[in-house]
Structures are given as C-alpha cells and as structure tokens.
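Note that the structure is predicted; figures quoted are calculated from it, not measured. All values below were derived from every heavy atom in this structure, side-chain atoms included, with hydrogens, water molecules and symmetry-related copies excluded. Every chain is numbered from 1 and lettered A, B, ... according to where its sequence line falls, protein lines coming before strand lines.
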There are 2 protein chains.
Amino acid sequence: MKTLLPDKIDVLFINGHVATMVDNALSIIKKAALAVTGETISWVGKEKSLPQNFKTRCQKIIDCNKGWILPGFVDCHTHLVWAGSRSQEFEMRLNGASYEEISKNGGGILSTVKSTRNASKNDLFILASKRVEALLKQGITSLEIKSGYGLDLETELKILDVIRRLDENFPLHIDATFLGVHALPPEYQHNPDGYIDLVTQAMLPAVKAQGIATAVDVFCETIGFTLPQTKKVFETAKDLGFNIKLHAEQLSNSNGAALASEFNALSCDHLEYLSLSGAKKMAQHNVAAVLLPGAFYFLKETQKPPVDIFRNLKIPMAVSTDLNPGSSPVHSMTLILNMACMLFDMTCEEALLGATINGAKALGLEHSKGSIEAGKDADLVVWDIDTPEDLCYLVGLTPINTIMIKGNIHYTT
Amino acid sequence: MKTLLPDKIDVLFINGHVATMVDNALSIIKKAALAVTGETISWVGKEKSLPQNFKTRCQKIIDCNKGWILPGFVDCHTHLVWAGSRSQEFEMRLNGASYEEISKNGGGILSTVKSTRNASKNDLFILASKRVEALLKQGITSLEIKSGYGLDLETELKILDVIRRLDENFPLHIDATFLGVHALPPEYQHNPDGYIDLVTQAMLPAVKAQGIATAVDVFCETIGFTLPQTKKVFETAKDLGFNIKLHAEQLSNSNGAALASEFNALSCDHLEYLSLSGAKKMAQHNVAAVLLPGAFYFLKETQKPPVDIFRNLKIPMAVSTDLNPGSSPVHSMTLILNMACMLFDMTCEEALLGATINGAKALGLEHSKGSIEAGKDADLVVWDIDTPEDLCYLVGLTPINTIMIKGNIHYTT
C-alpha cells in the first residue's frame, strides 16, 4: 500500500482479514490491519507490515478476533418511508392475484399512497425509523430512499422531509430520490399527461427549491409510465441538475434503459427484460445495473436479469433490498446476497461487490464509499465469519461484531 | 375461559393481542391479557374480563404496547451441531453441481463428517452455541437437534452429549434425536448393511444406555438408506423405546412415510414426493408432516410437497428451519414462515400453526408447548407487529419485544 503514513491514528483494527472490494474483486488481505484517522481510512495492509509505532500512537485498538472487515453495505434502492400495512395484500397474492391485477384493481400501491397521505410527518418518521434501524443492524451504512407514496406535491415533500430527518437522526449516509412518477394518483386516473405536467411544472421545481433530493427516478412500465412521459420528466430533471435513475424493464421491455442511458443515468434498476441493445447503451454511458432479487422472489417472476450480458459488457451490478411494502418487504442485505446467488446465479463475489462498491456506483458515491482504501470514508463492518462467502451462504444470521460509520463506532456486540 | 383463577400471579401481560393457536387456527383474542404463574400460563382472555385484583396481586406487569403475544416457535427439525464450513460447496452448487453429484463425489455431508469427527467437544459446543443463540433471538423457544455428522459410535455420542450441554446451558427446551443413519460413513462405503448392523447392535443400545436421545431418525432415500435398512433400524429403536421420525420422500418416493407410519412415527419430514397412499397411512397413524422450505429453496427443487392432500386429510403441517450446513443454512424461523407461504403456497395461518402447535406435535410436545392455554408452559414471544401475518410477510425483520421461556424472561428490547 503506497500511502503516506498518517500523522494521527484514532482507531486501529488488528487480528482480522479484509475484503477491500477494489479492482472489481473481493481483493482479500489476510492477517490485515486497518487504521482510521478521523472519518477516514488512513492505512490498510498486512498486519506484519504495520509501522512499528502505530499501535502505541493510536487512541483505540479493536481486536477483530480473526473476523473479516468489509465495507459497510450500500443499499442503493429502497422505498422505506410508507404508512399502512400490506399483509392482507400478501394473503391475496398467496391466493393467486398478480401484482398487475392488484394494481389495476386500485389496491396495491394506491392503498399505501392513501395511508401515507393520511399519516402525520411524525408518524411516518417513527415507522421509517424502525426500518432504518433494522437495516443499520444488518450492516448497511449507506442508504438511498425514494419518495413515491405521495403522488401529490404536499405528500411527496412530506416524505422527502422525513428522509431528511432520517439522515439527520441516524449515522448512516442517506440519499433521497424523488419518485413522484411512481404510479398514477387517483386524481389523474384518466389524465396521465396531466400528472406529468404537474410533476414537471410544480413538483420538480419545488423539490429543487427545497434541496431535499439529489436524484429523480421514474417507474417506466406498462403498468407505470410510458417512454415519452419518462423522457419529459428526465428533461426537466436534467435541466434542474438532478441525477437520473430509472425503474426499467422489470415486467416487460419498454426500452427505458436506453432512454435513461442517453440521460447519463446513474443506474437502471430491475432489468429482468432488458434487451442486448439496451445493455449496450448502458455500457456506453457507464450506467450501473441495480438488481433486485427480493422483488423477483416476491412477485414469483421467472425471467431473470441478463447477468451474463452485464458480465460481458462489464456493467457494474449492484444488488439492493428494494425495501417496500408491495413487492419486496425485505429488511436484510444478507438475505439479498443469498437471493442474488440462488435466484440470479451471481457468484458470492459478484453479490458482495453488488452490495458494496457497485451499490456506491449506483449512487455516484464510489469515490468515498463502498471499498476499503486509504482516503475513503471509514464505513466498516467487522463480521464474525470464516470467509466473506459466508455472508451469502448463512441465511438469517447476522454475525456482526462492530459497525463503524465515518470513524465512529455505532454498534458492537 | 373456564379455568380456575390462579392463587398467585408472577407476571401479567397487558395491552396486547394474543394468537393462541388453539383449534387449528390463529384463534385471536384482541385486547387480551395473559397471566403467568411460575412456569405456566395461568390465565388468558380479554383484558376487560381480567379479574379486578389481578393487577394488584401480580409481581410484574409487562405492557405489550399493542403488540402481539404468540407461543414461542418450536423448531422441530435441525442438524445444528457441526464443524467445518461448506461455503465452498455453496460456490460449487452455484456453478451447477447437484446435491446428488456432490454427495456421490464424497463431498457434501462427508466433509462435514470429517470436520465434526476432528472437532473437540468444546469446539463443537462453541460453534453450536452461536446457532442456538441466533435461533433463540429469532423467537424459537423449543428446538430439536439431530446427531448424524459422526457416523461412528464415538462421534455420534459426542454430538449427542454436546446437545445435552446445549440443553443445560440455554433456556430453550431442546430434544435430541439420534440420526446415525444419515449417510454412509467412509469406512462402510461398500458395506451399508454392515453399517446398519453397527447402528442396531452397538450405537442404539449405547445411546439408550446414556439416555441422551429421545427419538431415532433415518435418511431413507436413493442417496441415503433403503426401505429394508430403515425398517431394521426402526425395529431396534422401537424395541428400545425411542420415538420414531423419518426423512422421507425428499428427492424421490421411497415409500418411507408408509413404513414410518406403521411404526407410529411422530413425524415424517420433507415429503416433496409423498404419494397419496403414503399420506393416507400418515393420517391413519396420526403422523405429523414436517415441511422444510429452506432445503427446497437451497436445492432449487421444483416438486412441492402435497399441501392440498395434507389439508384434505387433516394431517398437521409443521414447518422448520432444517438448519444444517449442506442443504438449509437457514437461521431464521420468520424466513421459513415466508418461504412456506411463497414456495409451498401455505397461508400465513398455516405457516404460523406450523411453527408453533404443529411443530410441537412433531416432537410429541403438544400437551405442554406450541399454543397459549392455561396450564401450558409459559413459552411466549411478544412481537411489535400489527397482525400475526406480518411475521410471514416482513422478511428479515425480527421485531421482538420480549421472550419468555417457562415463566422466565430471557430477552427484552
């Protein structure tokens, strides 16, 4: 490791192994040590190469007890601010109703919209806090949360403000994405273009003025919004300086990924029905693919995303919980790692890259998050495991020893 | 509730709802109260029907904060005492190798046998303790653990002794099952009948003499043991007074369930390939069906167990983690509840009955465990959920407030 030696060391991790996630691989350092100065990783390498005076100079030593240090997980696609319960819809689906049928019958997402509109900001914050807390305890240290259960100006702003409060109250890094174009609100059932006008003329400027979202996302789908409607939203969003993301080709191929790529989107998400030409556009514009096996599992889908194409075209594959009440009520990144392997045939290494550095890429955070390198944020999790692959294989177990975010320890057993 | 009023109340739960699991249904009592005297549930009913002096007479009041009290989960089928890691095998399987191929190539279970034989009793105890601790924190209060990674007298006894130590050191109720006939040990690769002789002539009598197992289980399968071999083991086991269980019809129909039924087995487990005639035998002999969706998921099976037949014949369906390193490294009962719904088309109610009263039936514990009734053991979990169905639907979330086992509180947030 050719880095300048730090003047000061606050925390030194010893007696562990590190999976750094650099160079598109686990990039393992066995018997490693890792130094943290302030909010930042200041040194990582073999423990035997540790400069002699590090141990005496540091404020605190953490013994990893032969465990593994990995970057904190980056969960790059969630919808976790909602009110109301969808347990009953789950029972409906068990009895055979499809997502599309539920959606067309005014159930599904619109029941969540109704509850979320009716909830106070404080109640929404309390509900969402429980979910953020659960994700944090699973080793997630960076998180994206989308709005999209308001579908009117007031409620969309309310949700984004709750996300801001979550960011202020929890140690995790939280990015907010505006997803007003998630579903057609009841008021516009027969006037989708009218809703798009509302979004572009009123909502996007208001969100921009308040500075409470960094990206704009759209649900482009046969049961969502058309390609021309998506384009119109992206044009306004781009003009206002937002990053672009897209729910694309989840249930059919709408050529959304190609469109989003032309807008230099950070990511296209889902992608089960992505075409080769769409993938080529993504590769050309350096767009990350966000794969969401939780939704695939919950919707009992059978068409898998084209993982081989992503490999061949070297498109970064991120994985994420997609935490939401309708299609992915999954509160666990380790379960998602397992599902990425079991359902999408990703390797453990690919899944782990997907939950760390490639998740960071999908949020434009790859320069500060998602891998273990001197100079990056000290967002670290120490796991009591024998190999990194255990995180994909041992389902329902979360053997965390220590969680550090920006140099501060937030959880330890 | 027609029960005698208790003289003394140690703990009173108020301000919650109860799913009692009696009468083969959730059997919900909204706005309930529940009294515990010593190790036992002494009263349960509507809070408004609570006798006036209960609150003043009890030692401790637990406010459930509008949460739900359910019986502690009964995990009736696990193999959680093992050493060694199977992460690499997981990668092999991701690359296309089948369970059968891995087994035939001397990998799979035999690698675990080798590691378990080489592990000290103390190391095995430490490894298994982590798993028991994880299950306890998931709301499991009764547990069955099988031997079967020794396949020689010394190691099988070592494993059973570790299970005894787990039972002594953890508050959970733990039942031990002898599964020496789990796989053919390397020493007997060309002499399966010789191994069966060893089991019946040496192992079973030794296990009986030490009193360290209550049941005997066999893996009856094309890649396991034949029907005549299974029968021979059951005859000896029955003579010695053991309860009978069977791994039956997991990968093919070997007619094991019919045989086990004739021995009045407590349960037949897996059962994906069960025939109607086998199911009728089970019904006739009151044998529980233990369904294991974790193994189904991990082995990428497509043949589901005949849930409709179990419903029609009123065969109790239990669900269990099957926690083991080869085919179900699943440490979470709530994930199993979800998989029972998603993969086996069980309803939430059926899944919850499967993890409580029907799990207890599969262990012969239904008179003391698995439902909430006056006189039964006070094995209770208070969940911070809106409806019992949430436990099947909200995956990866374990919103536990309090865990009580035999009247003692062992976990509270």
> Check each atom of A:T387 against the heavy atoms of chain B and say whether the ones under 4.5 Å are side chain, backbone, both or neither.
side chain

> Need one label for B:M346: side chain, backbone, both or neither, based on atoms under 4.5 Å from any heavy atom in chain A.
backbone

> Decide side-chain contact (heavy atoms from CB on, under 4.5 Å) for A:K130 and B:L397; before the verdict, give the C-alpha distance in whole Å, the side-chain angles of both, and the deciding distance to 0.1 Å.
CA-CA 10 Å; A:K130 290 183 187 177; B:L397 193 69; over 6 Å; no

> For the pair B:F90 and A:Y393, name the ring-plane relationship: parallel under 30°, tilted 30 to 60°, perpendicular over 60°.
tilted

> Assess whether atom NZ of B:K114 is packed by more than 12 heavy atoms of other residues, nucleotides or ligands within 6.0 Å.
no

> Answer with side chain, backbone, both or neither: which region of B:N338 has an atom nearer than 4.5 Å to a non-hydrogen atom of chain A?
both

> Quick check on the interface: out of B:G294, B:P399, B:C341, who has the most heavy-atom pairs with chain A under 4.5 Å?
B:C341

> For each of B:E389, B:K137, B:M342, tally heavy-atom pairs with chain A at distances under 4.5 Å, and name the one with the top tally.
B:M342

> Out of B:S85, B:S328, B:C348, B:A134, which one racks up the most heavy-atom pairs below 4.5 Å with chain A?
B:C348

> Between A:K300 and B:D345, does any NZ, NE, NH1 or NH2 come within less than 4.0 Å of an OD or OE carboxylate oxygen?
yes

> Compare every heavy atom of B:S332 with every heavy atom of A:G396, then report the nearest pair and how far apart it is.
CA-CB, 4.0 Å

> Side chain, backbone, both or neither: which part of B:P325 has an atom under 4.5 Å from a heavy atom of chain A?
both

> Nearest 0.5 Å, please: how far is CZ in A:R86 from CG in B:D386?
14.0 Å

> Let me know if A:D390 has heavy atoms under 4.5 Å from chain B in its side chain, its backbone, both or neither.
both

> Please classify the contact of B:L343 with chain A as side chain, backbone, both or neither, using a heavy-atom distance under 4.5 Å.
side chain

> Can you tell which part of B:L394 gets under 4.5 Å to a heavy atom of chain A, answering side chain, backbone, both or neither?
both

